[in-house]
Amino acid sequence: QHPEFGPPVDGPRGLFLLATDTAAGKTTVATGILALARSRGLSPLPFKPVETGAAPDPADALRLRAAAGREDIPLDLLCPHSFSLPVAPAQACQAVGLRLTSSSILASARRLAPHGDYLLVESAGGLLTPYSDDLTGADLAAAFGLPVLLISRNSLVTINHTSLALAELRRRHLPLTGVLLVCTSPEKTPDQEDNPRLLETLTGIRPLGVLPFLPLPTPENVAAALLTAIRPEILFP
């Protein structure tokens with residue numbers, strides 16, 4: 001944990017995945033962490049509170065359940081709210097007359113908790129993506145009290161996006177495990193090599209590592225790549 005961020009709250013073991021924006025690689029990273037958890041003898045529980053753009057099934061939640069090897073758990077326990085509309089959770093909920101609260105989402109997580117011993121929560125979109133008029137992904141992270149792993153796309157915009165996200169996490173005193181940069185495209189750009197150094201200079205936080213682009217991002221391949229980017233004790237203290 002970084003000392004300038006908040007301490008983790010006592011509660012279930014696990015991680016909360018936040019991202020700088022949508023499509024930054026959260027689900028891919030999550031599948032690798034779940035595979036690593038299984039290899040360490042844990043019974044991981046992926047939890048995707050809300051998934052939008054489900055056509056008709058929540059594809060991300062299905063990937064997470066398969067990576068965790070938890071086909072024994074009903075999908076609606078792992079992903080209690082699934083919507084076909086490809087918009088922010090708050091908009092999708094509003095379209096069907098539903099208003100989510102942190103307490104209702106935590107209640108869903110408590111129903112899931114007895115089924116395993118490592119909770120991995122994947123938020124929707126970016127750090128401040130709204131779940132309702134007064135609930136964001138960052139608010140949910142605070143409610144869960146799990147250490148935050150910030151996922152950031154390793155691209156030209158990452159310096160700005162990641163610096164802003166870290167400033168917001170600091171402001172909220174959320175416990176931070178660290179930042180993972182993810183290469184989401186096979187195209188190499190001239191900024192990528194220097195992004196970790198610049199982020200450390202600007203924010204004081206050195207990214208944990210860089211996950212390379214994987215043409216075949218199976219949970220096992222992602223897990224192997226994660227082991228070259230992050231010390232496993234960081235993910236499983």
Side-chain angles (χ1 to χ4, degrees), residues 8 11-19 22-83 89 92 100 102 104-127 129 131 137-138 140-141 143-151 175 177-178 180 182 211 214 217-227 229-230 232 234-237:
R13 184 183 188 191
L15 279 176
F16 197 106
L17 298 191
L18 285 172
T22 193
K26 284 194 311 297
T27 303
T28 295
V29 171
T31 62
I33 294 173
L34 291 166
L36 286 175
R38 292 176 67 188
S39 73
R40 296 173 75 88
L42 297 170
S43 297
L45 295 170
F47 186 57
K48 179 87 174 175
V50 179
E51 183 167 340
T52 63
D57 297 318
D60 288 351
L62 285 170
R63 282 182 68 192
L64 297 177
R65 184 170 71 167
R70 300 310 307 266
E71 281 81 0
D72 57 309
I73 301 179
L75 189 60
D76 60 359
L77 266 184
L78 302 178
C79 182
H81 302 288
S82 174
F83 305 98
L100 291 175
S102 59
S104 67
I105 291 174
L106 283 171
S108 295
R110 290 190 189 101
R111 288 192 289 273
L112 174 65
H115 296 273
D117 54 18
Y118 185 85
L119 182 65
L120 186 68
V121 184
E122 184 192 330
S123 64
L127 182 78
T129 291
Y131 284 74
L140 268 187
F144 273 85
L146 292 170
V148 169
L149 179 63
L150 181 66
I151 308 301
T177 289
L180 178 66
V182 179
L211 187 70
L214 299 172
T218 64
E220 294 74 22
N221 289 347
V222 179
L226 279 174
L227 287 177
I230 303 179
I234 291 175
L235 301 174
F236 307 102

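Quick note: residue numbers are just sequence positions, from 1.
Two residues are said to be in side-chain contact when any heavy atoms from C-beta on lie closer than 4.5 Å; T31 and L64 meet this criterion. Using a 4.5 Å heavy-atom threshold, the side chains of P175 and F16 count as separate. Side-chain contact between I73 and L45 is present, with heavy atoms from C-beta onward closer than 4.5 Å. No side-chain heavy atom of V222 sits less than 4.5 Å from a side-chain heavy atom of V29. Contact check for L149 versus L17: side-chain heavy atoms found under the 4.5 Å cut-off.
Legend: residues meeting side-chain hydrogen bond (donor to acceptor under 3.5 Å, both in side chains) with T28, ordered by chain and number and at least two apart, are R63. Among residues two or more places apart in sequence or in another chain, the ring-ring contact (aromatic ring centres under 6.0 Å, His included) test is passed with F83 by none. The side-chain hydrogen bond (donor to acceptor under 3.5 Å, both in side chains) test applied to S104 returns T101, not counting sequence neighbours. The side-chain hydrogen bond (donor to acceptor under 3.5 Å, both in side chains) test applied to T218 returns N221, not counting sequence neighbours. In terms of the side chain to side chain contact (heavy atoms under 4.5 Å, CB included) criterion, residue partners of A35 (sequence neighbours excluded) are, by chain and number, P219, A223. Take F47 and apply the ring-ring contact (aromatic ring centres under 6.0 Å, His included) test, not counting sequence neighbours, and it matches no residue. Not counting sequence neighbours, the partners of L62 by the side chain to side chain contact (heavy atoms under 4.5 Å, CB included) test are D57, R65, L75.
Here the straight-line distance linking atom CG of L226 with atom CD1 of I33 works out to 6.0 Å at 0.5 Å rounding. Here the CG-CG distance, from L34 to L42, works out to 10.5 Å after rounding to the nearest 0.5 Å. With values rounded to the nearest 0.5 angstrom, L180 atom CG is found 6.0 Å from L211 atom CG.
Taking every heavy atom of both residues into account, V182 and A24 meet most closely at CB-O, 3.5 Å. Across all non-hydrogen atoms, the minimal contact from A92 to T52 is CB-CG2, 3.8 Å. Heavy atoms only, all atoms of each residue included: L18 and S123 are closest at CD2-OG, 3.5 Å. Residues P46 and L78 approach most closely at O-CD2, 3.1 Å, considering heavy atoms. Contact record, A61 with C79: CB-CB, 3.6 Å, taken as the closest heavy-atom pair. Across every non-hydrogen atom of V50 and P89, the tightest pair is CG1-CB, 3.7 Å.
Checked by atom type and distance alone, the side chain of Y118 never pairs as donor or acceptor with a backbone atom of F236 at under 3.5 Å. Side chain of E51 to backbone of D60: a donor-acceptor contact under 3.5 angstrom is found. A donor-acceptor pair is defined here as one N or O able to donate and one able to accept, closer than 3.5 Å; no such pair exists between the side chain of S102 and the backbone of L140.
Residue pairs that meet the salt bridge (charged side-chain N to carboxylate O under 4.0 Å, His left out) test with at least one member in residues 106-123, sequence neighbours left out, are K48-E122. For residues 68-77, the set of pairs meeting the salt bridge (charged side-chain N to carboxylate O under 4.0 Å, His left out) definition, not counting sequence neighbours, comprises R70-D72. Sorted by first and then second residue, the salt bridge (charged side-chain N to carboxylate O under 4.0 Å, His left out) pairs with a member in residues 24-44 form an empty list; sequence neighbours excluded.
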Under the side-chain contact (heavy atoms from CB on, under 4.5 Å) rule, what do L146 and L15 come out as? Steps first, then yes or no, please.
CA-CA 5 Å; L146 292 170; L15 279 176; 5.8 Å; no
